[in-house]
Amino acid sequence: MIIGGIEVLDLTQPVGLVLMNVLGHVGDLEEARSIVRRLLAALAPGSHLAIADGTNVVKGKEFEEAIAIWNEAGSVAYTLRSPEQISSLFDGLELVEPGVVSCPRWRPVFPEHQAREVDEFCGVGRKP
């Protein structure tokens with residue numbers, strides 16, 4: 001689609017929505033879910049949503065302390081979420097395998113060289 005001589009996305013066709021490490025800046029989980037629902041409402045069926053956000057299930061207290069330092073110095077606070085909470089952001093979508101996992105575990109290029117898990121979990125969902 002061209003608007004004012006500028007080529008823009010055609011939201012009547014499937015597109016990808018990428019929310020990498022941004023929803024953690026929305027402290028309230030229900031508000032984050034609401035934002036995702038509103039953004040997805042504008043997208044055509046077949047569109048995909050990719051999310052990655054921080055957790056505290058791998059390094060636990062160590063990563064919580066790092067985020068606390070960020071929250072003291074950063075301009076926008078960051079909220080760590082459990083993998084289950086991150087998974088809930090995909091409600092209503094078809095979750096693509098392998099689901100919500102630590103980022104190095106999401107379809108690794110060289111699975112025989114498994115990277116260590118990190119406190120960043122990600123997933124991809126498809127809008128039916």
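For A50, the side chain to side chain contact (heavy atoms under 4.5 Å, CB included) partners at least two apart in sequence or on another chain are M20, V124. Shown here are the side chain to side chain contact (heavy atoms under 4.5 Å, CB included) partners of V22, two or more places apart in sequence or in another chain: L19. Partners of T79 according to the side chain to side chain contact (heavy atoms under 4.5 Å, CB included) rule, which considers only residues two or more places apart in sequence or in another chain, do not exist here. With sequence neighbours left out, S47 forms a side chain to side chain contact (heavy atoms under 4.5 Å, CB included) with P14, V15, L43, A44.
With a 4.5 Å cut-off on side-chain heavy atoms, R107 and P98 count as touching.
Scanning all heavy atoms of the two residues, the minimum distance from K127 to A41 falls at NZ-O, 3.8 Å. Taking all atoms of both residues into account, the shortest heavy-atom contact from P83 to V57 is CD-CG1, 3.7 Å. Residues V26 and A32 come closest through the heavy atom pair CG1-N, 3.7 Å. Here the closest non-hydrogen pair linking R38 and I35 is NH2-CG1, 3.1 Å.
Rounding to the nearest 0.5 Å places CG of L80 at 11.5 Å from CZ of F121. In this structure, CG on L89 lies 11.5 Å from OG on S34, to the nearest 0.5 angstrom.
Residue pairs meeting the salt bridge (Lys or Arg N to Asp or Glu O under 4.0 Å) criterion with at least one partner in residues 43-64, sequence neighbours excluded, are K61-E65. Sorted by first then second residue, the salt bridge (Lys or Arg N to Asp or Glu O under 4.0 Å) pairs that include residues 17-34, not counting sequence neighbours, are E30-R33, E30-R37. Among residue pairs with one or both ends in residues 11-38, those qualifying as ring-ring contact (aromatic ring centres under 6.0 Å, His included) are H25-Y78; sequence neighbours excluded. For residues 80-103, the salt bridge (Lys or Arg N to Asp or Glu O under 4.0 Å) pairs, not counting sequence neighbours, are E94-R126. Among residue pairs with one or both ends in residues 41-68, none qualify as ring-ring contact (aromatic ring centres under 6.0 Å, His included); sequence neighbours excluded.
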Evaluate side-chain contact (heavy atoms from CB on, under 4.5 Å) for V96 paired with W106, printing each intermediate quantity in order. CA-CA 10 Å; V96 176; W106 207 94; 4.0 Å; yes

Assess whether side-chain contact (heavy atoms from CB on, under 4.5 Å) is satisfied between L93 and L40, documenting all intermediate values. CA-CA 10 Å; L93 301 179; L40 286 171; 3.8 Å; yes

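Following chains of ILVMFWY side-chain contacts shorter than 4.5 Å, one cannot reach I69 starting from V58, and the two form parts of different hydrophobic clusters. Note: the hydrophobic cluster containing L17 also contains L11 (ILVMFWY, side chain heavy atoms under 4.5 Å, direct or indirect links). Hydrophobic clustering (side-chain heavy atoms under 4.5 Å, transitive across Ile, Leu, Val, Met, Phe, Trp, Tyr) groups L95 together with L39. The hydrophobic clustering, which links ILVMFWY residues whose side-chain heavy atoms are closer than 4.5 Å, places V100 and L29 together.
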